[in-house]
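No experiment lies behind these values; they were computed from the predicted model shown. Every number for a ligand or one of its atoms is a count from 1 in the order of the listing. By convention here, the first residue in the shown sequence is residue 1.
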Amino acid sequence: MNIFLYDSLSKEKKEFVPIDSKKIRIYACGPTVYNYAHIGNARMSVVTDLLVNILKTKFKKVVFVSNITDVDDKIIEASIREKKPIKEITTKYHKIYNEDMKRIGVKKPDFQPKATDHIQEMIEMINKLLENNCAYIEDNHVLFDVSKYEYYGCLSKRTKEEQIAGNRIDVGEYKKNSEDFVLWKPSKKNEPGWKSPWGYGRPGWHIECSAMSEKCLGIPFDIHCGGIDLTFPHHENEIAQSCSAFKKNSDPQSFCKYWFHNGFVTVDGEKMSKSLGNITLINDLLSKYSGPVIRLSLLSSHYRQPLDWSTKILEQSKKTLKKFENFFDKIPSEFFLKDSNSNFDNEFLNSLYDDLNTPRALASLNKLFDKVKDPKKDDKKIILSLAKCFQLLGINLNKNKNNDESNFVTKSEKKIIFDLIQEREEARKLKDFERADNIRDKLKKMNINIEDSVEGTKWIKNE
Ligand SMILES: [Zn+2]
């Protein structure tokens, strides 16, 4: 079975055919770090993380890049409001973002480039756009001339009037056409800025993703991800920049092959907004619900559908997880250790290969569960498969059961660990505590921590 994805550029579900099957390259627009991540940010991260997991079942190497926007007007405002230096704000929220994501099972991207580390690359790209006559300088600003890119509007399918309306916020008198957008703007003395051929200033938001995706992945790359709200103007502008800088009027696919957008998150039927006071932060939720419960809730609807967030979804997911956790709790660790050969359930995997149909995939796990809820001896295969499927979803049912591949333990390592634990058990039985302690130290050196409990010795790999 091949993987099919809905491509928002062509507006159709397509078979995923990589540019180079030896190395799949993915880029996702990351957060602007001036505040806590909300449930909308988390949905994008969880869905993209799942996409990476799914691709890894078929392709050996998947390189995932997601940027950090650490220069932006909103950050400057936050710095004034909180009376703290910009760097302190961005470092603090970058760290919190990564911690919160980790708690909901999102792996750190292979590269997480920061905008402020790539100003030179952005300046070079803007220079190329000027050389290609796709940008112009006006009133100390550098602007992209939208009329110079013939495919402009290809992603969002907006009419010229809609483009103007969408861009209203930064309509300036210095623009030739009101749909043109800023590549570089001047900074005041007290604002963050860099020296450039156009004076002291800072980049517009869109250019960073064009510069960093090219730097980290090269173009064209395979998949560009992001929330649906970024389609216009951000992604439309990324295409315009990347397809004009290297060669004028390049086809949108010369930037990336597939566009992968996740749907909106509403809260109790309403759009999340400051004025309604219903912005739901992951950090707050984590004080009430576990990471896996939040993750399962985010995966409970299809990623392209709008997700209406409510306590009901969280409670439902909590109940579902509890059911599986209780079941796995009763299974001894050795069950997973001795034989880690397991396969994915076909129906589950096919559902995920079909444009990440998580509701259908979860339904197949429930069906599997019904088969084994009163385990018989020959159910082992199904139980191992269930554990493996949950792993793919990024949900760890029971860390102490060592069934979590995210702990990066290979099969041969598992055998060594298991043998050492057995050896230690024997030493303890013979009251040879020195030997037992030596084995514990040996495991510690392998980055394995052990814990003795009534059910036996449990182990966990430190990250
Ligand atoms: Zn972006």
By side chain to side chain donor-acceptor pair (under 3.5 Å), N53 pairs with (sequence neighbours left out) K107
(Q) Pairing donors with acceptors under 3.5 angstrom, does anything connect the side chains of E347 and S364? (A) no
All heavy atoms of S300 vs all of L362, minimum pair found to be CA-CD1, 4.1 Å
key: Carboxylate-amine/guanidinium proximity below 4.0 Å for K148 and D180   = no
So the protein N/O/S atoms within less than 2.8 Å of the Zn ion (ligand 1) come down to C29 SG, C209 SG, H234 NE2, E238 OE2
* Going by an N to O cut-off under 4.0 Å, is there a salt bridge joining E236 and R158? -> no
Would you say Y289 and S317 are linked by a side-chain donor-acceptor pair, where the criterion is simply a distance under 3.5 Å?
no
